[in-house]
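Just so it is clear, the model here is predicted, and its values are computed rather than measured. Quick note: numbers below take in every heavy atom, side chains included, and nothing from hydrogens, waters or symmetry partners.
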Amino acid sequence: MNMSISPAKIMKDAYARLSDTLDNFIKGGTDFEKAKAIVPFFYYFLFFIAFTHLEGLNHTIAEGASGFTPRFPLFWAPYVEYGTVVTLVFLTWVGTSLLACLFPYIRTVRIFAFVGFLQYHAYVASFGQPNHQWDHWLWISLILVFLPGLTREPSVETRRTFSLVFWGAQAFLLLTYTMAGIGKLTYAFIQFSQGQAHAFSPDAGALYAATQLNLMQETVPLAGIIISHPWLAWLPFLILLELQTFALVAAFRPQLHRIWGFGLILFHIGTFLTMRAVFTAPSALLLLFLLASPFAPEKKKWNETLSSIPLFGRLFQYVTKRIESGRNIN
């Protein structure tokens with residue numbers, strides 16, 4: 001008897017399990033109504049961000065085109081005077097995002113908003129190195145293009161597709177953190193194998209903060225405390241590894257959406273206070289897509305929530321069972 005399992009069957013079984021998991025919370029009911037209400041706020045934020053950039057428009061033009069090498073989305077820029085390029089890019093971004101605020105459920109308008117933002121993103125990346133501050137916003141604006149058009153009474157399938165695309169934006173956002181966590185773990189194993197300090201070392205957080213601050217010649221409120229007392233950063237650093245590495249897992253467990261969103265926002269605040277790592281742009285996305293997640297249960301069952309946390313959930317389950325067994329004996 002041939003006991004081998006074909007790759008096609010493995011893929012089919014994995015897809016079936018994934019589909020069943022998503023069917024548990026992506027239903028096209030209340031989740032659709034909440035997701036529909038959240039989507040316009042993405043464009044409200046986008047317009048606000050674009051509009052605030054107009055304040056420095058003259059200064060940006062006055063700085064000149066030194067080092068400006070237009071990337072492909074700005075294929076037209078070499079044929080236009082630099083001041084005109086900057087003005088067109090910034091005003092197009094403002095105009096298309098404002099249009100999306102008015103008509104967020106029309107796909108053509110969402111495409112315009114993506115293209116307008118893409119032009120700005122290409123502009124800031126056209127000075128010798130990429131600027132990753134707005135990567136999350138750019139890709140999520142592309143994902144939202146695939147939201148289905150809505151009629152006055154959308155069908156159940158349309159409503160569910162809308163929720164599924166919204167979840168896709170959540171999953172992408174969390175995937176980027178998982179990739180960062182996997183990167184940290186990979187380097188940790190390499191450093192461990194070479195006998196160097198690594199991510200699991202008790203002084204890892206303090207060493208990382210000191211290295212970053214020395215490179216930037218900066219000081220921040222908590223740096224001195226962390227460097228003087230490295231053990232204070234050890235547990236938060238391990239929690240950070242948990243949050244980042246298993247972020248994508250949280251996408252499939254809606255009871256964790258708000259916890260993970262809040263934890264990742266604290267991570268961004270913490271990196272600023274300890275090592276001056278200013279990466280603020282994803283915070284608004286974490287608020288919209290995770291803290292306000294349309295899939296998060298309204299009534300929290302803390303036992304189930306804590307039990308679903310990767311790694312630590314199993315420890316919680318074990319401790320809970322031990323406590324219950326002790327009560328039963330008594």
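In this structure, the side chain of Arg160 does not engage the main chain of Lys27 through any donor-acceptor pair within 3.5 Å. At least one donor-acceptor pair closer than 3.5 Å links the side chain of Ser193 to the backbone N or O of Phe189. Counting only distance, with no hydrogens or angles, the side chain of Gln119 and the backbone of Leu74 share no donor-acceptor pair below 3.5 Å.
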Exercise for the section: For Arg110 and Phe146, run side chain to side chain contact (heavy atoms under 4.5 Å, CB included): C-alpha distance rounded to whole Å, both residues' side-chain angles, the deciding distance at 0.1 Å, then the answer. Expected result: CA-CA 9 Å; Arg110 295 197 300 273; Phe146 295 94; over 6 Å; no
Problem - Worked verdict on Leu150 versus Phe32 for side chain to side chain contact (heavy atoms under 4.5 Å, CB included) - result: CA-CA 11 Å; Leu150 297 179; Phe32 160 75; 4.0 Å; yes
Practice task
Go through the steps to decide whether Thr245 and Tyr177 satisfy the test side chain to side chain contact (heavy atoms under 4.5 Å, CB included), and finish with yes or no.
Solution key: CA-CA 7 Å; Thr245 306; Tyr177 289 97; over 6 Å; no
Exercise for the section: Report the C-alpha separation of Gln244 and Lys184 in whole Å, then their side-chain angles, then the decisive distance to 0.1 Å, and conclude whether the side chain to side chain contact (heavy atoms under 4.5 Å, CB included) test is met. Expected result: CA-CA 9 Å; Gln244 288 194 319; Lys184 287 184 175 67; 2.9 Å; yes
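Other residues, nucleotides and ligands place no more than 12 heavy atoms under 6.0 Å from the CZ atom of Phe51. Heavy-atom neighbours of Phe68 CZ from other residues, nucleotides or ligands within 6.0 Å: above the threshold of 12. Heavy-atom contacts from other residues, nucleotides or ligands closer than 6.0 Å to CZ of Phe41 number 12 or fewer. No more than 12 heavy atoms of other residues, nucleotides or ligands shown are found within 6.0 angstrom of CD on Glu55. By the 6.0 Å contact criterion, CH2 on Trp134 is enclosed, its count of non-hydrogen atoms from other residues, nucleotides or ligands being greater than 12.
Here the closest heavy-atom approach between residue Leu288 and residue Phe45 is recorded as CD1-CD1, 3.6 Å. Looking at every heavy atom in both residues, Glu242 comes nearest to Leu311 through OE1-CD1, 3.6 Å. Listed here is the closest heavy atom pair of Tyr123 and Val89: CB-CG1, 4.1 Å. Nearest heavy atom pair, residue Ala37 against residue Pro40, reads O-CD, 3.4 Å. The minimum heavy-atom distance linking His136 with Pro282 is given by the pair ND1-CG, 3.8 Å. In terms of heavy atoms, Pro294 sits closest to Ile38 at CD-CD1, 4.0 Å.
Between the CG atom in Leu138 and the NE2 atom in His132 there is a gap of 12.0 Å [rounded to 0.5 Å]. Atom CZ of Arg159 sits about 4.5 Å away from atom CD of Glu33, to the nearest 0.5 Å. From Phe114, atom CZ reaches atom CG of Leu118 across 5.0 Å, with rounding to the nearest 0.5 Å. The line from CD1 of Ile309 to CG of Leu243 is 9.0 Å long, rounded to the nearest 0.5 Å. We find the CG-OG1 distance between Leu46 and Thr96 to be 7.0 Å, quoted to the nearest 0.5 Å. Rounding to the nearest 0.5 Å places CD1 of Ile269 at 11.5 Å from CG of Leu264.
Taking the six-membered ring wherever Trp is involved, the centroid distance between the rings of Phe279 and Phe272 does not fall below 6.0 Å. Phe166 has its ring centre less than 6.0 Å from the ring centre of Phe289. Phe246 has its ring centre no less than 6.0 Å from the ring centre of Trp260.
Applying the side chain to side chain donor-acceptor pair (under 3.5 Å) test to residues at least two apart or on different chains, the pairs with a partner in residues 162-174 are Asp31-Ser163, Gln170-Ser293.
For the residue pair His268 and Thr280, no side-chain donor N or O sits within less than 3.5 Å of a side-chain acceptor on the partner. Of the N and O atoms on the side chains of Thr84 and Thr87, not one donor lies less than 3.5 Å from an acceptor on the other residue.
By the 4.5 Å heavy-atom criterion applied to side chains, Arg258 and Leu290 are not counted as neighbours. No side-chain heavy atom of Val109 sits under 4.5 Å from any side-chain heavy atom of Pro104. Between Trp137 and Ile49 the shortest side-chain heavy-atom distance falls below 4.5 Å. Side-chain contact between Leu144 and Tyr43 is present, with at least one heavy-atom pair separated by less than 4.5 Å. Between Thr186 and Ile182, some side-chain heavy-atom pair lies under the 4.5 Å cut-off. Here the side chains of Thr151 and Thr158 are not in contact, with every heavy-atom distance at 4.5 Å or above. The shortest side-chain heavy-atom distance between Phe312 and Leu306 does not fall under the 4.5 Å cut-off. In this structure, Leu173 and Trp139 have side chains that are not in contact, with every pair of non-hydrogen atoms separated by 4.5 Å or more.
Taking hydrophobic clusters as Ile, Leu, Val, Met, Phe, Trp and Tyr residues chained together by side-chain heavy-atom distances below 4.5 Å, Tyr82 shares a cluster with Phe75. Using a 4.5 Å cut-off between side-chain heavy atoms of Ile, Leu, Val, Met, Phe, Trp and Tyr, with links allowed through other members, Leu235 and Ile259 fall into the same hydrophobic cluster. Residue Ile111 is not grouped with residue Ile106 when hydrophobic side chains (ILVMFWY) are merged at heavy-atom distances under 4.5 angstrom, including chains of intermediate members. Linking ILVMFWY residues whenever their side-chain heavy atoms come closer than 4.5 Å, directly or via other members, leaves Phe112 and Tyr105 in distinct clusters. Phe103 and Phe117 end up in different hydrophobic clusters when Ile, Leu, Val, Met, Phe, Trp and Tyr side chains are linked at under 4.5 Å.
Aromatic ring pairs are classed by plane angle as parallel below 30°, tilted from 30° to 60° and perpendicular above 60°; the pair Tyr120 and Phe90 is perpendicular.
Tested against His53 for a ring-ring contact (aromatic ring centres under 6.0 Å, His included), the candidates Phe47, Phe48, Trp93 yield a single pass: Trp93.
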